[in-house]
Amino acid sequence: MNRMLFWGMTILSIAVAVCTAFGQEDMELVDNGAFDRPQRPPAIFEHDAHNEMAGLDDCAECHHLYDESGQKLEGESSEDQMCADCHELKDVGSKPGLRKAFHNNCKGCHVAQEKGPIACAQCHVR
Amino acid sequence: MHALYQFVAGPLAWAAFIVFLGGLLYRLIRLLILVRNREPFISSYMSWRYGLRSIVHWLTPFGTVRWRTMPVLTVVTFVFHLFLLITPIFLLSHIVLWDEAWGLTWWALPDVLADIMCAIVIACCVFFAVRRSTQPEVRFVTDSSDYLILLLTAAPFLTGFVAYHQWTEGAWMTILHMFSGELMLALLPFTRLGHMLLGWLTRAYMGSEFGGVRHARDW
């Protein structure tokens, strides 16, 4: 019984280690599974390489948190959640729908900084 | 690339739409003034009833003798005009951008279907070009401006098709696509593509004259 528990725990911890290893460091695409019947190939986004290249240290630049009144919470972040956990497919008041949230976030910054892809095909690469 | 993209997607797009609408209005007003000065008697027999009757007949596939004598051309003409209008208005890519610019959204065609419709529009343009250059009776009334407006119409579809399929790298095909669409819109009122608006008036006039004066059909 104890032996089974031991092996069980070992396998579980290896599994957890493998999963974390495939966290944001290995992310190459933004998953489009939250959309029903996605029309485009998923957008390319090498999470860590991108943020290093773009000089983004603040996780909350993208993984933001808001309070009840829609006020952005400075110094807090939401990287434990998916964008789709908060952003529905359609706009809700001033909270953009999922597609618009991604586009305004990604493209919005690229336009503002005049760096990075802005045409559809540059992100949704086949 | 960024500055050019922003310019073509922003100010130039606005300019194109303004010239498009302003140009059509100008053509309309000029036509009405011309009629008033030269042939004011036309207004004495312009009729909603006969005008609309003629338009409805010509809008019906195979609804006129002319449509029936050239079945292939008829089908191509109807499909071409229908897809020419529907594809860009219900294209997901365009709706995505309207949504982001003004918060406007509506139903979108699935990309796969829009892709096929776009290819059909391009194929229709090729058909028209081949017909112009091979059929003697059409060739006789064709000059270079006919091919030019055909190219002007096909260009946004061609560049859009290539950009969507990503046969080229980077953003420049998308830029070219927007530019060719803007060029088409801006030149439309000042070329024979103006039939988009004036064609209805010509038809209404013909219908009125045939219906009210000659008491004959014009279809």
Side-chain angles (χ1 to χ4, degrees), chain A residues 28-46 50 53-56 62 64 70 83-84 86-126, chain B residues 1-13 87-88 90-118 156 158-182:
Chain A
E28 291 183 352
L29 301 164
V30 179
D31 183 50
N32 60 8
F35 294 91
D36 48 59
R37 273 186 290 145
Q39 296 290 306
R40 298 281 159 138
I44 48 165
F45 182 63
E46 293 174 34
H50 172 277
M53 184 169 55
L56 298 172
C62 303
H64 52 205
C83 311
C86 300
H87 290 274
E88 279 95 304
L89 287 178
K90 293 238 158 73
D91 298 358
V92 178
S94 62
K95 186 174 72 182
L98 190 58
R99 186 184 69 211
K100 210 191 282 181
F102 276 117
H103 284 165
N104 287 0
N105 175 249
C106 311
K107 205 171 132 182
C109 176
H110 296 164
V111 164
Q113 300 204 5
E114 303 202 331
K115 267 193 213 148
I118 45 173
C120 321
Q122 292 176 296
C123 284
H124 297 284
V125 179
R126 280 175 202 281
Chain B
M1 208 57 133
H2 265 259
L4 187 62
Y5 183 100
Q6 290 307 319
F7 177 67
V8 174
L12 207 60
T87 317
F90 296 103
L91 191 72
L92 179 62
S93 316
H94 293 172
I95 296 174
V96 163
L97 293 171
W98 283 315
D99 184 23
E100 280 153 33
W102 303 305
L104 294 174
T105 50
W106 53 86
W107 179 83
L109 287 161
D111 274 348
V112 182
L113 195 63
D115 194 36
I116 296 169
M117 289 164 74
C118 176
L158 214 59
T159 50
F161 193 79
V162 173
Y164 175 72
H165 287 279
Q166 305 183 6
W167 294 340
T168 56
E169 291 270 319
W172 68 271
M173 189 51 73
T174 307
I175 294 174
L176 207 62
H177 168 65
M178 293 189 282
F179 183 72
S180 61
E182 287 156 8

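Letters go in sequence order (proteins before strands), and every chain restarts at 1.
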Do His2(B) side-chain atoms and Gly116(A) backbone N/O form a donor-acceptor pair below 3.5 Å? yes
Donor-acceptor contact below 3.5 Å, side chain Gln39(A) vs main chain Asp111(B):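 Present.
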Can you tell me how the ring of His64(A) sits relative to the ring of His87(A), calling it parallel under 30°, perpendicular over 60° and tilted otherwise?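 The rings of His64(A) and His87(A) sit tilted, inter-plane angle from 30° to 60°.
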Is it the backbone or the side chain of Glu114(A) that comes under 4.5 Å from a heavy atom of chain B, or both, or neither?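 Answer is both: backbone and side chain atoms of Glu114(A) are under 4.5 Å from chain B.
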With a 4.5 angstrom heavy-atom cut-off, is it the side chain or the backbone of Lys107(A) that approaches chain B, or both, or neither? side chain
Kindly indicate, with the supporting measurements, whether the criterion side chain to side chain contact (heavy atoms under 4.5 Å, CB included) is fulfilled by His50(A) and Leu56(A). CA-CA 8 Å; His50(A) 172 277; Leu56(A) 298 172; 4.0 Å; yes
Under 4.5 Å, heavy atom to heavy atom: which of residues 91-100 of chain B reach chain A? Give them by number, or say none.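 Result: Leu92(B), Ser93(B), Val96(B), Leu97(B), Asp99(B), Glu100(B).
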Identify which of Ala3(B), Gly170(B), Gly103(B), Ala108(B) forms the greatest number of heavy-atom pairs closer than 4.5 Å to chain A.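 Between Ala3(B), Gly170(B), Gly103(B), Ala108(B), the count favours Gly170(B).
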Please determine whether the number of non-hydrogen atoms from other residues, nucleotides or ligands lying under 6.0 Å from atom CZ of Phe179(B) exceeds 12.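 Atom CZ in Phe179(B) is not crowded, with 12 or fewer foreign heavy atoms closer than 6.0 Å.
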As an exercise: rank Arg126(A), Lys100(A), Gln122(A) by heavy-atom pairs under 4.5 Å with chain B and give me the winner. Arg126(A)
So which of His103(A), Arg40(A), His110(A), His124(A) has the largest heavy-atom pair count under 4.5 angstrom toward chain B? Arg40(A)
Contact between Thr105(B) and Lys90(A) at the side-chain level, heavy atoms closer than 4.5 Å - yes or no? no
Note, Leu98(A) side chain near Cys83(A) side chain (heavy atom, < 4.5 Å):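 SC-SC contact between Leu98(A) and Cys83(A) confirmed.
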Should Leu109(B) and Trp107(B) be marked as a side chain to side chain contact (heavy atoms under 4.5 Å, CB included) after you check the CA-CA gap, both sets of side-chain angles, and the distance that decides it? CA-CA 7 Å; Leu109(B) 287 161; Trp107(B) 179 83; 3.7 Å; yes
